[in-house]
Amino acid sequence: MINMHVLVSQLIELFIIICLGYLMFKINILNEEVNKNLNALIVKVTMPCMILNAVLSMDSASRPDTSTVESLFLVSIGFFIVMPLLAIVLVKIMLKTLHIVKARQGAYMFMMIFSNVGFMGIPILRAATGDQAPVAVFFAAVFNIFFNISVFTYGVAMICYGDSTNTKFEFKKLLSPGILSSVLALVLYVADFHFPSQLESVGHAIGTVGELTPALAMILVGSTLASMKLREVFNEWRIYIFAILKQFVLPIALYPLYRLLIQDDLLLNVMFIEFLMPVANIALILSTQYNLDKKFASKVIFITTSMSLLTIPLVIYLCNIIY
């Protein structure tokens, strides 16, 4: 597993930046309009640059072998096949035992599967994996290809479960900068492409812009959390049960399966840490787009994001002890 001291140190650093984003929203340096533009900047510019730089900065010695990349493909495909089935079963159990609102079944299923593997996952991986960061980000970028395909295919149908008017698949959603840059990164990896010495400044520029992503992403997370009304966030105890199940119970229970299926240590760390991330912001975006319960989505994102700062190191620590 990843060095705990390094991971905790990086989580504290990211938490401080999240707090800065929270404060900046409260004192009106940031607002909803700025958040929207900041989101666009990260999604369309800095994160694609960071993903591309992961491949461009990868030297021959750290380049993962073909078998590891093949394992990444298989594990990613398997994850987005198995997790929906597991999510359906668990949410149906929650419906019977916790008496969750029936109209929220689809949202719970969606949020059980789709975590914040981009805004939080990639910066945390990049910070916590040290010299192996380029390869870790590359692994995360490939995983994000399958993430995006799943979100905009069965993910839309799932979050809109019970509303037959909101299940239209839009192919153009798969052509986002994030997924396009991930596919391009995969092509560059296969081609073993690097800029010639005369054009090294182009690669450096891409890397410099990509370096902005971790700080900007955490500032945006903090600012987004600050835009929510706290008194409305903490009034649904069922969300806490869901958060504990998603970010504590499931990861500990499934970690042996990860170890069994993934032989490469770095790939294991990447896939497991991505699994530990809180609910993705895409849950709120889709809830807004399809006129679903936006307040509920906001609450779950807030609570799971806040809890993740504790659950991520705690789960890794416990897995180290138990397994």
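Here the structure is a predicted model, which is why all the values come from computation and not from measurement.
- One distance of note links CD1 of Ile316 with CD1 of Ile321; it measures 12.5 Å at 0.5 Å rounding.
- A donor-acceptor contact shorter than 3.5 Å links the side chain of Thr304 to the backbone of Val279.
- Transitive grouping of hydrophobic side chains (ILVMFWY, heavy atoms separated by less than 4.5 Å) brings Tyr240 and Leu245 into a common cluster.
- The two residues Ser57 and Ala54 make their nearest non-hydrogen contact at OG-O, 3.7 Å.
- At most 12 heavy atoms of other shown residues, nucleotides or ligands fall within 6.0 angstrom of atom OH in Tyr317.
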Determine whether Ile16 and Met218 satisfy the following criterion, side chain to side chain contact (heavy atoms under 4.5 Å, CB included), listing intermediate values before the conclusion. CA-CA 9 Å; Ile16 291 171; Met218 294 303 101; over 6 Å; no
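- Hydrophobic clustering of Ile, Leu, Val, Met, Phe, Trp and Tyr side chains at less than 4.5 Å, counting indirect connections, unites Ile262 with Ile322.
- Aromatic ring orientation, Phe110 versus Phe114: tilted (interplanar angle from 30° to 60°).
- In terms of heavy-atom proximity, Asn144 sits nearest to Ser182 at CB-OG, 4.5 Å.
- Contact check for Leu95 versus Tyr108: no side-chain heavy atoms found under the 4.5 Å cut-off.
- The main-chain N or O of Leu260 is found under 3.5 Å from a side-chain atom of Gln263 such that the two form a donor-acceptor pair.
- Counting only heavy atoms from C-beta outward, the side chains of Tyr154 and Ile113 approach each other to under 4.5 Å.
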Checking ring-ring contact (aromatic ring centres under 6.0 Å, His included) for the pair Tyr255/Phe275: CA distance, chi angles, key distance, verdict? CA-CA 10 Å; Tyr255 181 66; Phe275 188 39; over 10 Å; no
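- Under a cut-off of 6.0 angstrom, the local environment of CZ in Phe15 is sparse, with at most 12 non-hydrogen atoms contributed by other residues, nucleotides or ligands.
- A donor-acceptor contact under 3.5 angstrom links the side chains of Ser223 and Asn35, judged on distance only.
- Side-chain N or O atoms of Asn53 include none that pairs as donor or acceptor with a backbone N or O of Leu56 at under 3.5 Å.
- Using modelled atom types, no side-chain atom of Thr305 and backbone atom of Phe302 make a donor-acceptor pair closer than 3.5 Å.
- Considering every non-hydrogen atom in both Met307 and Gln247, the closest pair reads C-NE2, 4.3 Å.
- In this structure, the side chains of Leu30 and Ile219 come closer than 4.5 Å at one or more pairs of heavy atoms.
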Audit row: Asn269, Thr129, side chain to side chain contact (heavy atoms under 4.5 Å, CB included) steps and yes/no: CA-CA 9 Å; Asn269 290 333; Thr129 50; 5.7 Å; no
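- Salt bridge absent: Lys295 and Glu236 never bring a charged side-chain N and a carboxylate O closer than 4.0 Å.
- When all heavy atoms of Asp293 and Phe296 are compared, the pair lying nearest together is OD1-N, 3.1 Å.
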Residues Leu318, Ile252; criterion side chain to side chain contact (heavy atoms under 4.5 Å, CB included); working and verdict: CA-CA 8 Å; Leu318 290 175; Ile252 292 178; 3.9 Å; yes
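- Contact check for Leu184 versus Leu180: no side-chain heavy atoms found under the 4.5 Å cut-off.
- With values rounded to the nearest 0.5 angstrom, Ser150 atom OG is found 11.5 Å from Ile145 atom CD1.
- Asp131 CG: 12 or fewer foreign heavy atoms inside a 6.0 Å radius.
- Looking only at side-chain heavy atoms (C-beta outward), Leu188 and Leu52 come within less than 4.5 Å of each other.
- Atom CG of Leu286 is separated from atom CD1 of Ile282 by 4.5 Å, given to the nearest 0.5 angstrom.
- Put simply, the side chain of Gln105 never gets that close to the backbone of Lys92: no donor and acceptor are under 3.5 Å apart.
- Contact between Ser76 and Phe146 at its shortest, heavy atoms only, is CB-CD1, 3.5 Å.
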Would you check, one step at a time, whether the test side chain to side chain contact (heavy atoms under 4.5 Å, CB included) holds for Ser71 with Asp264? CA-CA 9 Å; Ser71 297; Asp264 183 87; over 6 Å; no
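- Taking CG of Leu250 as the start and NZ of Lys246 as the end, the distance is 8.5 Å to the nearest 0.5 Å.
- In this structure, Arg126 and Glu211 have side chains that are in contact, with non-hydrogen atoms separated by less than 4.5 Å.
- When hydrophobic clusters are built by joining Ile, Leu, Val, Met, Phe, Trp and Tyr residues whose side-chain heavy atoms come closer than 4.5 Å, directly or via intermediates, Phe73 is grouped together with Ile51.
- Taking the six-membered ring for Trp and the full ring otherwise, Phe143 and Phe80 have centroids separated by under 6.0 Å.
- Residues Leu284 and Ser298 come closest through the heavy atom pair CD1-OG, 3.5 Å.
- Between the side chain of Glu274 and the backbone N or O of Met271 there is no donor-acceptor pair closer than 3.5 Å.
- Put simply, CG on Leu261 and CG on Leu268 are 10.0 Å apart, with the number rounded to the nearest 0.5 Å.
- Using a 4.5 Å cut-off on side-chain heavy atoms (C-beta onward), Ile81 and Ile77 make contact.
- Placement of Ile100 and Leu86 within a single hydrophobic cluster is found when ILVMFWY residues are connected by side-chain heavy-atom separations under 4.5 Å, directly or transitively.
- A distance-only check finds no donor-acceptor pair linking the side chain of Arg259 to the backbone of Leu254 [under 3.5 Å].
- Between Phe147 and Ser115 the shortest side-chain heavy-atom distance does not fall below 4.5 Å.
- With hydrogens and angles ignored, the 3.5 Å screen pairs no side-chain donor or acceptor of Thr68 with any backbone N or O of Pro64.
- Taken from CG in Leu220 to CE in Met24, the straight-line distance is 11.0 Å, to the nearest 0.5 Å.
- Transitive grouping of hydrophobic side chains (ILVMFWY, heavy atoms separated by less than 4.5 Å) brings Met83 and Leu257 into a common cluster.
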